[in-house]
Amino acid sequence: MYALVDCNSFYVSCERVFDPGLRGVPVVVLSNNDGCVVARSAEAKACGIGMGAPIFKMKEAVKRYGVRVFSSNYTLYGDMSARVMNVLGRFSPGVEVYSIDEAFLDLSGMEGLKEYGYRIREVVGLELGLPVCVGVGRTKTLAKVANRIAKRHGRLRGVCVIDTAEKERRALEMTPVDGVWGIGGRLSKKLGRQGVRTALEFSEMPSAWVRKHMSVVGLRTQRELAGEACLSLELVRPRKKSVCVSRSFGSDIEGLGKLKEALSAFVSMCGAKVREEGCCASTLTVLLMTNRFRTDIPHCSDQLTVPLPVPSDSDLELAGYAMRAAERIHREGVRYKKAGVIAGGLVPKNEVTGDLFDKVDRERHAALSLATDRLNGKFGAGTVKLGSQGPGRGWSHRQERLSRRFSTRWEELVEVGGGRNLP
DNA sequence: TCTGGGGTCCTAGGACCC
DNA sequence: TCTGGGGTCCTAGGACCC
């Protein structure tokens, strides 16, 4: 059996741990750039604030209900996530960290699963102050179904165990097909046209149809719902195949010069990620996009992937390729809203095949990267940067309602008895 | 005025190879 | 007249996840 442990409204719950005044009131956390709502407390849901809603469209509800609004504080959430995973590790020898707020646990051979689920909830609650729900099933996909039910039905008190054929059938019956892990908006629409509404109906579809219209991925989902485990726990995080840095700009950017400054900044953040993976990139992709929500200007979304002659993890070298790619795809007079770089084809640094005619002095580049990473690590990101980044941050994004890094910075700790905790 | 960011996998089609 | 078959690699696009 598998358990899926998932934190409730994770980002909101993290904020609440350090500011009890947020309990019982509507709270939302915004995406990067303070754009959309990515986490909502139950109270905020009740105020009609939708998942993914642009916050500027929610102004009225925010004002009327006194919704507390926060920027994403990834330093805080990342640290709290690590603590949760640490606790979960005590409950099973097999834990797959699936996302920042979810983990699958291997509970095979165990008895008393419901009580165990309650125990997990209790311990995470006591030690970290975070509410979680636990779903248990024969496969990962069924555990997901169970978790969804645990979240929605208060009388279950956060734990749902699907351990008989009858319970499986009932669970699938009460789960809409778009609530199934692996079936998103497009596929559920397609299924809807076939008259399929629930997970149960999906599980009863002819597998030939599923294979043809939903590929092997859909077929796997169907089998998982039937109790056939097709997905196993991934106990070690697989090496990343690509890393990406992309941002929307505070305001549109026109002109190659400014665009290059932004891309230089992105490429050096991306290079840092590549080095963190202990890898080198074999390809570099640059993407440029206009605002897809505007109807008054023509949309464009261009990207170019350039293969590197020798895989590299040097900001300097990657930036060179990014600049040339940008020159090739940039269109004069277009106002860009978003840009990004992707370092692809990552290979471990010690497996890189060199080039006999390589002109790059890789030792010097490596020394430079090491020095800049150390300086930026010690004195803060951006202390040392590429000249091509320019002086400004014209691409800079909004982050106006950021809470403190309560759990990772001495100078930002909560003070008890002081008056300094609330901004 | 203001609409996120970072990943994965699969498929189809083209280029190329022997 | 008759013009193969089997494979790899790459990329773009589409779907999904959180």
Side-chain angles (χ1 to χ4, degrees), chain A residues 4 6-7 9-11 28-39 49-59 62 69 71-72 74 77-78 81 96-104 140-141 144 147-148 177-191 210-221 230-231 234 237-252 266 269-270 273-274 276-277 282-283 285 287 289-296 299 301-307 337-346 395 397-401:
Chain A
L4 177 68
D6 186 320
C7 302
S9 312
F10 180 57
Y11 296 172
V28 298
V29 176
L30 303 180
S31 60
N32 262 335
N33 220 10
D34 289 352
C36 304
V37 173
V38 294
I49 296 179
M51 188 63 175
I55 193 65
F56 74 89
K57 287 188 177 174
M58 296 288 123
K59 270 201 174 128
V62 167
V69 179
S71 302
S72 285
Y74 287 111
Y77 312 149
S81 171
E96 173 186 338
V97 178
Y98 176 65
S99 74
I100 194 162
D101 73 328
E102 289 170 73
F104 287 102
K140 288 167 90 173
T141 307
K144 273 270 191 186
N147 191 285
R148 188 177 180 281
V177 75
D178 64 350
V180 173
W181 187 39
I183 300 180
R186 303 295 183 106
L187 289 173
S188 59
K189 260 194 180 156
K190 197 186 254 189
L191 287 163
V210 175
R211 173 66 184 86
K212 185 169 175 206
H213 294 95
M214 302 174 67
S215 87
V216 295
V217 182
L219 201 56
R220 202 154 55 203
T221 298
C230 304
L231 303 168
E234 292 184 3
R237 183 173 69 83
R239 192 162 48 74
K240 282 190 183 153
K241 296 172 179 173
S242 65
V243 291
C244 167
V245 173
S246 70
R247 294 284 183 280
S248 295
F249 305 129
S251 50
D252 291 354
F266 299 169
M269 290 189 259
C270 200
K273 288 184 176 186
V274 171
E276 210 176 296
E277 285 288 308
S282 332
T283 64
T285 302
L287 7 90
M289 275 158 283
T290 54
N291 190 336
R292 64 197 162 106
F293 296 101
R294 283 180 66 170
T295 48
D296 55 329
H299 294 179
S301 169
D302 297 305
Q303 66 180 67
L304 180 65
T305 299
V306 291
K337 175 65 181 168
K338 180 177 175 174
V341 295
I342 304 170
L346 299 189
W395 48 273
H397 66 280
R398 281 188 303 278
Q399 206 176 29
E400 289 167 357
R401 299 156 175 280

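Quick note on labels: first sequence line is chain A, next is B, and so on, each numbered from 1. In this text the structure is predicted, and so the values were computed from the model without any measurement.
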Euclidean distance for P, C:dC18 against B:dT3 (whole angstrom):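 Those two atoms are separated by 25 Å.
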Taking CZ in A:Arg186 as the centre, count heavy atoms belonging to other residues, nucleotides or ligands within less than 6.0 Å. Is the count above 12?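 At most 12 heavy atoms, drawn from other residues, nucleotides or ligands, come within 6.0 Å of this atom.
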Select from A:Lys273 and A:Val38 the residue whose nearest nucleotide in DNA chain B is closer to the 5' end of that strand.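 That would be A:Val38.
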Given that A:Ser246 and A:Lys337 both sit by DNA chain B, which one's nearest nucleotide is further toward the 5' end?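 It is A:Lys337 whose nearest nucleotide is closer to the 5' end.
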Any chance you could lay out the side chain to side chain contact (heavy atoms under 4.5 Å, CB included) test for A:Leu304 and A:Thr285, step after step, and finish with the verdict? CA-CA 5 Å; A:Leu304 180 65; A:Thr285 302; over 6 Å; no
Please write out the pairs of protein N or O atoms and N or O atoms of nucleotides 10-13 of chain B separated by less than 3.5 Å, giving the distance to one decimal.
residue, atom, partner, partner atom, Å
B:dT11, OP1, A:Arg211, NH1, 3.4
B:dT11, OP1, A:Arg211, NH2, 3.4

Candidates [options] - which lies nearest the side chain of [X]:
X: A:Cys36; options: B:dT8, B:dG5, B:dG4; result: B:dG4
X: A:Lys241; options: B:dT8, B:dG5, B:dC2; result: B:dT8
X: A:Pro54; options: B:dT3, B:dC2, B:dG4; result: B:dT3
X: A:Val243; options: B:dG7, B:dG5, B:dT3; result: B:dG7

To the nearest Å, how far apart are [X] [atom1] and [N] [atom2]?
X: A:Glu96; N: B:dT8; atom1: CD; atom2: C1'; value: 13 Å
X: A:Asn32; N: B:dG5; atom1: CG; atom2: P; value: 6 Å
X: A:Leu346; N: B:dG6; atom1: CG; atom2: P; value: 14 Å
X: A:Lys59; N: B:dC2; atom1: NZ; atom2: P; value: 11 Å
X: A:Tyr11; N: B:dG6; atom1: OH; atom2: P; value: 12 Å
X: A:Arg237; N: B:dG6; atom1: CZ; atom2: P; value: 15 Å
X: A:Phe293; N: B:dT3; atom1: CZ; atom2: P; value: 8 Å
X: A:Met289; N: B:dG5; atom1: CE; atom2: P; value: 9 Å

If only side-chain N and O atoms of [X] are considered, is one of them under 4.0 Å from the OP1 or OP2 phosphate oxygen of [N]?
X: A:Lys338; N: B:dG5; answer: yes
X: A:Ser72; N: B:dG5; answer: no
X: A:Arg294; N: B:dT3; answer: no

Quick one: do the A:Ser248 and A:Asn33 side chains pair a donor with an acceptor below 3.5 Å?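 Checked: A:Ser248/A:Asn33 side chains show no N/O donor-acceptor pair below 3.5 Å.
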A side-chain contact here means heavy atoms from C-beta on lying under 4.5 Å apart; do A:Asp6 and A:Asp101 qualify?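 A side-chain contact under 4.5 Å exists here.
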Starting from the C-alpha separation in whole Å, work towards a yes-or-no answer on side chain to side chain contact (heavy atoms under 4.5 Å, CB included) for A:Val62 and A:Phe56. CA-CA 10 Å; A:Val62 167; A:Phe56 74 89; over 6 Å; no
Do the side chain of [X] and the main chain of [Y] share a donor and acceptor less than 3.5 angstrom apart?
X: A:Ser282; Y: A:Gly345; result: yes
X: A:Thr221; Y: A:Val217; result: yes
X: A:Arg239; Y: A:Leu346; result: yes

Looking at A:Thr305, A:Thr283, A:Leu287, which hits side-chain contact (heavy atoms from CB on, under 4.5 Å) with A:Ile342?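 With A:Ile342 as partner, A:Thr305, A:Thr283, A:Leu287 yield a single side-chain contact (heavy atoms from CB on, under 4.5 Å), made by A:Leu287.
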Using a strict cut-off of less than 4.0 Å between a Lys/Arg side-chain nitrogen and an Asp/Glu carboxylate oxygen, indicate whether [X] and [Y] qualify as a salt bridge.
X: A:Lys338; Y: A:Asp252; value: no
X: A:Arg237; Y: A:Glu96; value: no
X: A:Lys144; Y: A:Glu102; value: yes

N/O-N/O pairs, protein side and nucleotides 14-18 of chain C side, under 3.5 Å:
residue, atom, partner, partner atom, Å
C:dA15, OP2, A:Arg186, NH1, 2.7
C:dC16, OP1, A:Gly184, N, 2.9
C:dC16, OP1, A:Gly184, O, 3.1
C:dC16, OP1, A:Gly185, N, 3.4
C:dC16, OP1, A:Arg186, N, 3.2
C:dC16, OP1, A:Leu187, N, 2.8
C:dC16, OP2, A:Arg186, N, 3.3
C:dC17, OP1, A:Gly182, N, 2.9
C:dC17, OP1, A:Ile183, N, 3.4
C:dC18, OP1, A:Lys144, NZ, 2.6
C:dC18, O3', A:Ser99, OG, 3.1
C:dC18, O3', A:Asp101, OD1, 3.0
C:dC18, O3', A:Glu102, OE2, 3.0

Stems formed with participation of DNA chain C [Watson-Crick or G-U wobble, under 3.5 Å, three or more pairs]: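 Runs of three or more consecutive pairs: B:5-18 with C:5-18.
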Rounded to the nearest 0.5 Å, what's the gap from CZ on A:Arg247 to CE on A:Met269? Could you check?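 Rounded to the nearest 0.5 Å, the CZ-CE separation comes to 5.0 Å.
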